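Not measured: the values here are computed from a predicted model. Letters A, B, ... are given to chains in the order of the sequence lines, protein chains preceding strands, and every chain is numbered from 1.
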Amino acid sequence: MHTILSKTMVTERTWHMRVAAPLVARKCRAGQFIMLRIHDSGERIPLTIADWDRDAGFIDIYFQEIGATTELLATLQAGDSILDVVGPLGNPSHVEKITGTFVMVGGGFGIAAGYPVARAFREAGNRVIAVLGAKTRKLLICEEMLRAVCHEVYVATNDGSYGIQGLVSDVLQGLLDGGEDVRLVFPVGPPIMMKIISQMTLPHKIKTMVSLNSVMVDGTGMCGSCRVTVAGKTRFVCSEGIDFDGHEVDWDEMMSRQKMYGKQEAEALSYHREHGACCGGVR
Amino acid sequence: MNDCTKNLTIAERCAIPRHSMPHQDPAERVRNFNEVALGWDRETAVAEARRCLVCKNPQCVTNCPAEIDIPGFVQKIAVGQFLEAARILRASSALPAVCGRVCPQETQCELTCVMGKKYQPVAIGRLERFASDYALFAEELQIPDPAPPTGKKVAVVGAGPAGITVAGDLVKLGHDVTLYEALHEPGGVLVYGIPEFRLPKKIVRLELDIIKKLGVRLVSNFVVGRTATVDELLEDFDAVFLGNGAGAPSFLNIPGENLNGVYSASEYLTRCNLMKAYTFPGNSTPVAQGRKVAVLGGGNVAMDAVRMSLRLGADEASILYRRSRKELPARIEEIENAEEEGVKFNYLVNPVRFVGNENKWVTGVECLRMELGEPDTSGRRRPIPVKGSEFIVDVDMVVVAIGQSANPIVASTATGIETTERGYFIADDDGRTTKPGVFAGGDIVTGAATVILAIGAGKKAARAIHDYLEKGVWPEIST
């Protein structure tokens, strides 16, 4: 049982949760994730570890209410418990001192997953820029956290309500055109954004590592649910990733596999909205 | 009863026909998830036990990896001492109620049963199941007192058949045992792989309750290699046993294999068994409900998957297998169960490609017809493709059940433990790896095999670990 220490809404339907998980906090590094199961009939879902405190024994996670499980998770309060939290899973992001600039491109609530990687690159002595994207200003998350660890932070909003009006790819293009010596790009967010950024950096031969968010069951390499084709080879995101070379990922396959349970997810959502009271989390 | 058994002559024993076990009716059982084989009543068990000749030199035992005193427990059943029979079973095995259900007895104890030479072998597996179940559900089951504490600590990695065996044997010898499990529920393949209709989860839980009562500390949700490495475990423990299983699904590596609707057997069965997707949306893990299902492979796992798909509503479920019925590696009983339930068997076909629709969902398996040639290294006749024989099997779901390979998480994060080229731990007959204090056994040493072989490996390793803890000597390994 893992106690929820705090819960904060960071924007609509998107939450920050601090969870007691000493064994995970003890070992985790940037780029790793947990599998979480709320209660005995719940599914296991992967969530990236956004931050941690080894001494206090907690981890921070961010999630958006997009399905039955995340909607249920959002109903839990500080003091409630989550039945299972296992991790840290996946390989840590490969962090090193590079020549030139590291750019984390974050979209939507993926920004939270990019935060620890940006911080780790900063700690490794790199010049670090964050490019953050949101539909509109009030949906932008984690900006202050990133300002604290990056040399520069740029924001793009679709409606121009904050930062530049446009997409994160426009900002990245601006950086490239402006002569920034970008050597490593780390897009994290919706797959379509990661695909577009990877396509953009390819002609510039800029190394692009992507953090993939596939459908998982066990999260330890046992089932193959998360498999994706990278450089023509089937790879397991949970045990061999979650970071891969964005230029080598078969994005169309990755995106179609992510939607495999679309119909059932909608069914589960309406079922849980109807029966929510009896299937609630552990209070 | 006692006397009458003793008085049976050999001829009289031989004259008793082997007893069958009642099964749920096939038409009925494909609509539920309940156990297919229904067990025996006392009278049937006693009658079957009386067939045993109680050989002076019992051949059945020599072929039992768990080294069970088979004539001993069978004789206790014959005289109605069922708890005593169970005690004998449990002295050698931590999982007798499991083995009584899933062991391939026809290739082990029952193969060498002397009765089988002229008549039918004694139904040892069914007797094992009877006595173990009787004790599991009896209130007066006695848990033996553990030996005095030795002060030695052992970490067992993986709560599957090998790990449960090692933990059970070592705790009885007085060692302090912690059993680590990566998933949220212990049992390994017994809970994520083998379906309820073949092995009820309640049986596994009851067997695990016993080793917990013996004093084994169970830690779930702990992924050795991630949550802590083997090297870190060695800082806290005097010995480590690695029984983490093969645990990585093999694929055919043919075009279209990542289409939606194509599962590994591990994923399909994990969703259905461990995560109970068959009760979706009550349980929130989804699984595809194929109408036309093809399962590739011919082992027990393939049989489990194809029979599961029928229970989840498939109109047509077939096995695609490269060789013929004779070469199917699955247990005879499971093949017969599948046949009775209406599974179609397509023999001598080899999948070469998966075909999908515009939504990237699988719609067909392109296959080649095969013919059998000369025997290969496994002694089975090698299948050879027939040129130009391509044809497409229409499907909307596929399960690839062609085996498992080594999961690299434990090995890649440990130092000094050598593996084979395919990632399995190198270990001697007693499970010693190349790193002092670290033992391994089960599928992660042998490659995917059976529950009983993992139990056998666990028994040997437990003895070697005990010896190591007592003497502190690490011999040169000879592999």
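Using a 4.5 Å cut-off between heavy atoms, A:R257 contacts chain B through both its backbone and its side chain. Looking at B:N407, the atoms closer than 4.5 Å to chain A (heavy atoms on both sides) all sit in the side chain, from C-beta outward. The part of B:L259 that comes within reach of chain A is its backbone (N, CA, C, O), which places non-hydrogen atoms under 4.5 angstrom from that chain. Residue contact with chain A, scored on non-hydrogen atoms closer than 4.5 Å, is absent for B:Y268. Within the 4.5 angstrom heavy-atom criterion, no atom of B:Q404 approaches chain A. For A:A268, the parts lying near chain B are the backbone and the side chain together; criterion is any non-hydrogen pair under 4.5 Å. Both the backbone and the side chain of B:T227 come within contact range of chain A, judged by heavy atoms closer than 4.5 Å. Interface remark: B:V262 contributes backbone and side-chain atoms alike to the contact with chain A (heavy atom separation under 4.5 Å). With a 4.5 Å cut-off on non-hydrogen atoms, A:R44 touches chain B through its backbone and its side chain both. Residue contact with chain A, scored on non-hydrogen atoms closer than 4.5 Å, involves the backbone and the side chain of B:A228 alike. For chain B, no part of A:V24 is nearby; none of its heavy atoms comes within less than 4.5 Å. In this structure, the portion of A:V85 lying under 4.5 Å from any heavy atom of chain B is its backbone and not its side chain.
Expressed to the nearest 0.5 Å, how far CE of A:M216 lies from CD of B:E267 amounts to 11.5 Å. Summarising the geometry, atom OG belonging to B:S284 is positioned 8.0 Å from atom CD1 belonging to A:I38; distances are rounded to the nearest 0.5 Å. Summarising the geometry, atom CD1 belonging to B:I409 is positioned 7.0 Å from atom CG belonging to A:L89; distances are rounded to the nearest 0.5 Å. Going from atom CZ of B:R226 over to atom SG of A:C238 covers 8.5 Å, rounded to the nearest 0.5 Å.
Heavy atoms of other residues, nucleotides or ligands lying less than 6.0 angstrom from CZ of A:R29 number 12 at most.
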Which is it for B:F222 and A:V86 under the side chain to side chain contact (heavy atoms under 4.5 Å, CB included) test, yes or no, and what are the steps along the way?
-> CA-CA 7 Å; B:F222 194 105; A:V86 57; over 6 Å; no
Could you check A:K259 against B:K360 for side chain to side chain contact (heavy atoms under 4.5 Å, CB included), going step by step and ending with a plain yes or no?
-> CA-CA 10 Å; A:K259 292 187 204 116; B:K360 291 192 179 261; over 6 Å; no
For side chain to side chain contact (heavy atoms under 4.5 Å, CB included), just list the numbers for B:L183 and A:M222, CA-CA rounded to whole Å, side-chain angles, deciding distance to a tenth of an Å, and then say yes or no.
-> CA-CA 10 Å; B:L183 292 169; A:M222 203 186 87; 4.2 Å; yes
Kindly determine whether A:R37 and B:M275 satisfy side chain to side chain contact (heavy atoms under 4.5 Å, CB included), including the steps that lead there.
-> CA-CA 11 Å; A:R37 194 175 69 126; B:M275 305 310 297; 4.2 Å; yes
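Note: B:T285 leads B:T285, B:N253, B:L274, B:N359 in heavy-atom pairs under 4.5 Å with chain A. By number of non-hydrogen pairs under 4.5 angstrom with chain B, the leading residue of A:G42, A:G67, A:G221, A:S239 is A:G221. The choice from A:A68, A:S270, A:C28, A:P88 that makes the most heavy-atom pairs within less than 4.5 Å of chain B is A:P88. Here B:P249 is the residue among B:A288, B:G225, B:A246, B:P249 with the most heavy-atom pairs under 4.5 Å with chain A.
Annotation: side chain of A:R26 is in contact with side chain of B:E232 (closest heavy-atom distance under 4.5 Å).
Of all residues in residues 227-237 of chain A, those placing a non-hydrogen atom less than 4.5 angstrom from a non-hydrogen atom of chain B are A:R227, A:V228, A:T229, A:T234, A:F236. Residues of residues 241-250 of chain A lying under 4.5 angstrom from chain B, judged on non-hydrogen atoms, do not exist here.
Panel note: side chain A:E267, backbone B:P281; no donor-acceptor pair is recorded below 3.5 Å. Counting only distance, with no hydrogens or angles, the side chain of A:D84 and the backbone of B:N221 share no donor-acceptor pair below 3.5 Å.
When each of A:M260, A:E265, A:E43 is paired with B:P286, the side chain to side chain contact (heavy atoms under 4.5 Å, CB included) condition holds for A:E43 and for no other.
Nearest heavy-atom pair across B:S264 and A:C223 is OG-O, 2.6 Å.
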